[in-house]
Every structure is written in C-alpha cells, then in structure tokens.
Amino acid sequence: MTPDFREKLKDIGKICIPGMRLSESNKDFVSGPGTYELKGYIYASLAGVLKMEEDEDSKATIISVDGLRTPSILPKTGDIVTAKVMTVNPRQVTCNILCVGPSVLARPYKGILKKEDIKPTDRDRIDPYKCFRPGDIILARVLPMTEIHWYHISTAENELGVVIATAEGSPQGVTMVPINWSEMQCPKSLVKEPRKVARVIPENINQDIFPAVDNKDKKK
C-alpha cells in the first residue's frame with residue numbers, strides 16, 4: 001500500500017451525491033463504478049458511499065461509489081431536505097430531493113418550490129431566477145402534501161435556500177461563496193450572481209456530504 005493511498009483512506013465512507021467532485025483523474029486516480037470522468041476530474045454519478053481500492057498492478061487508486069439503499073426513508077412534512085434545482089420558470093422551481101437531513105435517499109424525489117414559498121416577504125414580486133439557477137444545491141422544508149406525484153417544499157426561512165452554486169462561465173467545480181443574503185460570488189472569475197442564500201445550520205446539513213459549506217461566517 002502506497003503512502004498516498006494510506007493518506008486517502010480517511011475519505012473512505014464519506015457520503016456522495018450525483019455530480020460531487022471526488023478527485024483528480026490521472027495516472028494515480030482512475031474512475032470506477034458509480035463515477036464518471038469529466039475535464040480531468042472524477043465525479044459521483046449516484047448517491048452513495050465513497051470507496052477507494054488500490055490496483056495491485058498499476059498502483060493507481062480506483063475511485064468508486066456504492067449506492068445506498070434506504071427505502072424506509074421518505075420526506076415528510078416539516079423535514080429539512082437537500083435538493084438539486086433542475087428547472088426554473090417565473091412561477092416555480094422544480095427540484096430533485098436527494099437527502100432528508102443527513103440521510104441520502106435511495107432515489108431522488110420530485111420537489112416543487114412555488115414562487116410564493118421562496119421568501120417570507122414580497123411574495124408577489126419575487127423573481128425565481130434571481131433566487132435559484134439549475135444545478136444549485138438547496139436546503140428546503142417539506143410542506144404538507146397536496147399532490148400525489150411530488151413534494152411541495154419551501155425556502156421561506158433564513159436558514160433555507162442555496163448552499164452550493166456555480167456561476168455561469170466559472171471554472172468547472174469552483175463553488176461560489178456568499179457575500180450577502182441575496183448574492184454569491186465566484187472566487188476565481190469574481191462573477192456575482194443573485195441567489196436566495198441559506199444561513200446554514202450544522203444539524204441541517206451533513207458536512208461529509210457538502211464539505212464546501214463552511215462559509216456562513218463570511219455573510220454580512
């Protein structure tokens with residue numbers, strides 16, 4: 001076992017979500033089951049647990065993700081969920097719900113965030129596109145179900161909203177940082193974009209899932 005591989009062992013067992021960047025892709029780290037390679041990096045292709053194995057011949061580390069099977073966990077009214085924004089239009093935001101609290105779901109569930117449930121004030125004047133963009137990772141609260149095929153969710157609390165986002169045109173994998181409650185900025189390109197920024201509370205999000213979410217002290 002190489003020293004570099006022993007150093008990486010501490011990451012084994014971390015929870016991953018689809019699209020999460022796991023490692024560089026090179027002669028030392030190669031993509032395995034449950035992952036894909038894009039522009040020199042390895043990303044998770046499903047929700048699950050990170051695995052690393054050392055190839056005996058090449059000594060390269062094989063990065064893979066084992067899918068989780070937690071069929072008993074379902075979002076319920078009042079739960080804080082983690083979701084990925086899929087589409088945004090003037091009336092609502094559609095999402096894939098990936099986690100309930102720190103627990104990764106066995107499969108994503110469809111969530112609908114209506115315009116009037118984005119913020120607690122000025123509900124009629126809110127522009128959803130100035131709050132969320134496709135690809136954003138958000139925290140939201142599950143509302144009482146009124147439809148059988150999807151969950152209604154809300155971000156109308158200070159603690160809820162965007163926790164991870166990438167600006168249009170920013171380098172791949174570079175996460176924006178909050179600069180106030182309604183704006184985020186790419187640290188590389190310095191591009192600023194409007195967002196409904198969440199005030200992240202540790203018990204609402206698993207730091208192993210989202211290690212980049214450590215910027216709440218930077219908000220003013």
Side-chain angles (χ1 to χ4, degrees), residues 15-21 43-44 47 73-105 107-123 126-143 145 150-168 170 173-186 192-216 218-219:
I15 300 297
C16 307
I17 65 167
M20 181 177 176
R21 191 171 76 178
Y43 296 85
I73 299 178
L74 292 172
K76 62 181 184 297
T77 301
D79 280 345
I80 299 294
V81 297
T82 305
K84 182 176 182 178
V85 173
M86 305 307 293
T87 62
V88 181
N89 66 43
R91 295 182 296 123
Q92 64 185 27
V93 178
T94 62
C95 307
N96 281 343
I97 298 174
L98 306 174
C99 308
V100 175
S103 300
V104 179
L105 298 173
R107 66 177 181 86
Y109 291 90
K110 186 176 180 181
I112 299 293
L113 174 56
K114 293 184 177 180
K115 174 181 177 178
E116 57 267 27
D117 294 320
I118 292 177
K119 294 182 179 181
T121 59
D122 299 326
R123 296 185 175 190
I126 290 173
D127 180 354
Y129 196 68
K130 290 183 178 180
C131 300
F132 306 103
R133 302 283 177 89
D136 288 354
I137 302 297
I138 69 171
L139 288 178
R141 189 178 298 279
V142 179
L143 299 175
M145 290 188 69
W150 57 70
Y151 290 89
H152 284 282
I153 58 177
S154 168
T155 57
E157 302 173 37
N158 289 338
E159 294 78 13
L160 306 177
V162 177
V163 290
I164 298 180
T166 301
E168 293 182 8
S170 289
V174 176
T175 301
M176 291 195 292
V177 296
I179 56 177
N180 55 54
W181 295 115
S182 60
E183 202 171 28
M184 301 179 84
Q185 183 176 38
C186 174
K192 297 179 182 179
E193 289 186 355
R195 290 294 195 280
K196 199 285 185 185
V197 180
R199 178 184 177 184
V200 178
I201 296 178
E203 60 264 30
N204 287 341
I205 193 164
N206 189 320
Q207 295 296 326
D208 287 338
I209 302 175
F210 303 111
V213 182
D214 59 1
N215 300 303
K216 63 179 182 296
K218 296 180 182 180
K219 299 173 189 175

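Everything numeric here is computed off the predicted structure, so don't read it as measured data.
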Could E157 and R199 be called an ion pair, given the rule that one side-chain N must be under 4.0 Å from one carboxylate O?
no
Can you check whether L139 reaches V81 side chain to side chain, under 4.5 Å on heavy atoms?
no
Compare all side-chain heavy atoms of Y151 with those of L74 and state whether any distance is below 4.5 angstrom.
yes
Are the side chains of N96 and Y109 in contact, using a 4.5 Å heavy-atom criterion?
no
Residues K110 and I97: closest non-hydrogen pair is O-CD1, 4.4 Å
Answer yes when R195 and E183 have at least one side-chain N-carboxylate O distance shorter than 4.0 Å, and no when they do not.
no
Heavy-atom donor-acceptor pair, T155 side chain to I118 backbone, under 3.5 Å:
yes
Main-chain N/O of T87 paired to T94 side chain as donor or acceptor, under 3.5 Å
yes
Could you walk me through whether R133 and D136 pass the salt bridge (charged side-chain N to carboxylate O under 4.0 Å, His left out) test, one step at a time?
CA-CA 6 Å; R133 302 283 177 89; D136 288 354; over 6 Å; no
Is any side-chain heavy atom of Y43 closer than 4.5 Å to a side-chain heavy atom of M20?
no
K196 side chain to L160 backbone, donor-acceptor under 3.5 Å:
yes
Among V162, I179, V177, which residue satisfies the side chain to side chain contact (heavy atoms under 4.5 Å, CB included) criterion with M184?
V162
Taking all non-hydrogen atoms of both residues, which atom of V100 and which atom of D79 are closest, and how far apart?
CG1-OD2, 3.5 Å
Indicate yes or no: at least one non-hydrogen side-chain atom of C95 is less than 4.5 angstrom from one of I112.
no
Taking C-beta and beyond as the side chain, do D117 and L143 meet within less than 4.5 Å on heavy atoms?
yes
Which heavy atom of V142 sits nearest to which heavy atom of P75, and what is that distance?
CG2-CB, 4.1 Å
Supply the atom-to-atom distance S182 OG to K192 NZ, rounded to the nearest 0.5 angstrom.
11.0 Å
Counting heavy atoms not belonging to N158, are there more than 12 under 6.0 Å from its CG?
no
With heavy-atom distances below 4.5 Å as the criterion, would you say the side chains of K114 and R91 are in contact?
no
Between R123 and E116 (side chain of the first, backbone of the second, donor and acceptor by atom type, cut-off under 3.5 Å), is there such a pair?
yes
Side-chain heavy-atom pair I153, R141 within 4.5 angstrom cut-off:
no
